[in-house]
There are 2 protein chains.
Amino acid sequence: MEKLNKHVPITLKFLAEKLKMSVSTVSKALNNYPSINDYTKKRVLELAKELNFTPNKSAINLKDRKTRIIGIILPNLLDYFFNRSIYGIEQFAMKHGYNVIISQSHDEFEKEVTLANMLLKTCVDGLIVAISQHTQNFDHLDQFERMGTPVVYYTRNPSFNLNCHKVFGNGFQGSYLATKFLIDRGHKKIAYLGGPKMINFTHDRFKGYINALNDAGISFEQNLVAYTNFDNEHTIEAIKSLFVDTNEMPTALVAYKEPILFDALKYLKQIGHPRFSEIESVGFGNTPLINYLADPPIASIEENPEGVGEKAIELLLKLIGKEIEMEDYQKVMVNCKLVIH
Amino acid sequence: MEKLNKHVPITLKFLAEKLKMSVSTVSKALNNYPSINDYTKKRVLELAKELNFTPNKSAINLKDRKTRIIGIILPNLLDYFFNRSIYGIEQFAMKHGYNVIISQSHDEFEKEVTLANMLLKTCVDGLIVAISQHTQNFDHLDQFERMGTPVVYYTRNPSFNLNCHKVFGNGFQGSYLATKFLIDRGHKKIAYLGGPKMINFTHDRFKGYINALNDAGISFEQNLVAYTNFDNEHTIEAIKSLFVDTNEMPTALVAYKEPILFDALKYLKQIGHPRFSEIESVGFGNTPLINYLADPPIASIEENPEGVGEKAIELLLKLIGKEIEMEDYQKVMVNCKLVIH
DNA sequence: TTGTAAGCGTTATCAG
DNA sequence: CTGATAACGCTTACAA
């Protein structure tokens, strides 16, 4: 075992000197150019391995005008879905020699604009973005494509921006799954607790719910549907409205997001809903929090956030590598799974 | 408003040509060299602003042999503490022009070694690491310092490695706070539920507990202390052992980590502990999960993960910038707060 | 006060 | 098959 070389960085030049060859030959050998003699290649490779040569990324990046940095903008890193999706993105990016800059918009449009501009200045090679719930104008994101930098929208579907690359979880399918599951358990009065109307998945999920009802021959009732935001107050109001008609109270609940479902259940228990223990519910998320709940939902929709993240970066890298043309707009869906607790 | 320049990257050379000056003058002007004429500076600055010039990072990095990448190794990104601490690190790093690579050891020693080697190859400018609970050998981390790359240990205190830079939450103080709070509420039988014995903070927190008892003149009882791991089974065993003596059952509980506390409380409720509703408890974490619990702890120790992360990267950047000598080993503590629910 | 030139580590082009 | 050279964008002695 050699000593660790303290301050002599192993470069092509260094290898070349040791081997009494030119820098360019060494470079070509390492990059497996067909023109290079096999024996020469072997010698170079061996020394490179022995000295633990690592090509200098900055030099390469400078050469081919890249940063190998992917920008990510998402609402909230602490959110369970985004957190897991980040993991999928990071893993994949790292494996392909890319680094990742993560930034949070906190679901504010202005912040999203600021972050976008910052990432543009950073000259990221590509952008993955889950837009804020208030984003309707896309100038700050469109400028990336105008500069030749591909953008992939993920998780949050931008309804006002049709010409773009999208990757998200199949809310329709997940919602259908959840609703069908509850129907199969004998429920007729199934309520749907939807998310912010500004966010597209709210409606996708609603459609899944409706379709499952239809397919089972259960007629849809308007008063079994309510919408809420990400905060508790709205949720309480929404859940109240669902249970306002004491003759027609739902016996089951499909919710667009688990924390919201938990808020709702907590409220129902608090007010002492007469048949609380009979209510069965399914939410999107499958958060580990379920293990700690006194009255957990009966099942969860697992959204596979890592998969969504991975598909997003996979697509982005293909766009960066021009394997897919930027104008050839893609739409990728990742299916959900039902997990029974 | 100009058109967006599609493919002409704004470089020093480009500015220089526009201004009919040399590249070096432009560079110096932008870097505010005193030798440059004020008027010249002004002209340069103005054009730079107008054209939205951004210096090419790769070129700068190449020049001063840096990557501006900070490596992070931690056990688990989904953990609430680490998740929040990452946020503190990222924010600070970004503000100072550094990027961050996050990698997870999943508390496995071998994985930690692999990740360390990977990050070494990536030539990170510095490393922030929360060691796995099984890490006792530090070769894989020591090699960084040998290569001149500073390392900051955070959150997990490496007891076997004294000569290193450390940043962590003040478990002693937090634990003292929690215990004193329970004492002040009249409890005499306060149990301590500690973490893995391999992890140093387990013991720091224990000391805080003991000291608070001592200062209140309460005698310590061995059977009021139990240790567990991060998994449920161990926790059940530990909690059982605390409540085994029916005459001397604890009335309050200090736990090293909230999820573990929740497991414990869940178990106690499940077995129908006779005075369950009277038990008061405090855990480390202050996780939002508390809002959803039927029987939440009475207070939490807020560890300020962002602060810990920020202190870690702040120290690391000082080491990278040679503001602090690498051999001048630092130890930084971040205090906890008691949050009453 | 400004400009010239070398160098950071790679790769690509063109000669040999 | 191998080598010299230029170029990527920036900083910094050193010259002018």
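A, B, ... follow the sequence lines: proteins, then strands. Residue 1 opens every chain.
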| request: Establish whether the base of D/dA4 is bridged to the side chain of A/Ser22 by a donor-acceptor pair shorter than 3.5 Å. | output: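 Such a pair does not exist between side chain and base.
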Rounded interatomic separation in angstrom, taking [atom1] from [X] and [atom2] from [N]:
{"X": "A/Leu62", "N": "D/dT11", "atom1": "CG", "atom2": "C1'", "value": "13 Å"}
{"X": "B/Ile10", "N": "D/dC8", "atom1": "CD1", "atom2": "C1'", "value": "16 Å"}
{"X": "A/Asp64", "N": "D/dC8", "atom1": "CG", "atom2": "P", "value": "13 Å"}
{"X": "B/Asn61", "N": "C/dC8", "atom1": "CG", "atom2": "P", "value": "16 Å"}
{"X": "B/Lys66", "N": "C/dG9", "atom1": "NZ", "atom2": "P", "value": "15 Å"}
{"X": "B/Leu12", "N": "C/dT4", "atom1": "CG", "atom2": "P", "value": "15 Å"}
{"X": "B/Phe14", "N": "D/dC10", "atom1": "CZ", "atom2": "C1'", "value": "17 Å"}
{"X": "A/Arg65", "N": "C/dA12", "atom1": "CZ", "atom2": "C1'", "value": "14 Å"}

May I ask you to check whether [X] and [Y] show a side-chain donor-acceptor distance below 3.5 Å?
{"X": "A/Ser85", "Y": "A/Glu306", "value": "no"}
{"X": "B/Glu327", "Y": "B/Asn163", "value": "no"}
{"X": "B/Ser27", "Y": "B/Ser24", "value": "no"}

Check every atom of [options] against the side chain of [X] and return the nucleotide holding the closest atom.
{"X": "A/Lys13", "options": "C/dT4, C/dC8, C/dT10", "result": "C/dC8"}
{"X": "B/Thr40", "options": "C/dT2, C/dG9, C/dA12", "result": "C/dT2"}
{"X": "B/Met21", "options": "C/dC8, D/dA7, C/dG3", "result": "C/dG3"}
{"X": "B/Lys63", "options": "C/dG9, D/dT11, C/dT11", "result": "D/dT11"}

| task | For A/Ser58, check side chain to side chain contact (heavy atoms under 4.5 Å, CB included) against everything at least two apart and list the hits. | result |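 If we apply the side chain to side chain contact (heavy atoms under 4.5 Å, CB included) test to A/Ser58, skipping adjacent residues, the hits are A/Asn56, B/Asn61, B/Leu62.
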| field | Closest non-hydrogen atom pair, A/Thr67 against A/Cys123 | value |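 Closest approach of A/Thr67 to A/Cys123: OG1-O, 2.8 Å.
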| message | Students often mix this up, so state it plainly: with edges at 30° and 60°, are the rings of A/Phe82 and A/Tyr154 parallel, tilted or perpendicular? | response |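 A/Phe82 vs A/Tyr154 ring planes: perpendicular.
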| request: Can you label the angle between the A/His140 ring and the A/Phe109 ring as parallel, tilted or perpendicular, going by 30° and 60°? | output: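 Judged by the thresholds at 30° and 60°, the geometry between A/His140 and A/Phe109 is perpendicular.
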| Considering only heavy atoms, which members of residues 27-39 of chain B lie under 4.0 Å from some atom of DNA chain D? |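 Output list: B/Ser27, B/Lys28, B/Asn31, B/Tyr33.
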| message | I want to confirm an ordering. Mapping B/Val23 and A/Ile60 to their closest nucleotides on DNA chain C, which one lands closer to the 5' end? | response |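 Result of the comparison: B/Val23.
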| request: Would you indicate what A/Ser24 reaches in the nucleic acid, counting non-hydrogen atoms under 4.0 angstrom: base, sugar-phosphate, or nothing? | output: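 Base: the residue A/Ser24, judged by heavy atoms under 4.0 Å, touches a nucleobase.
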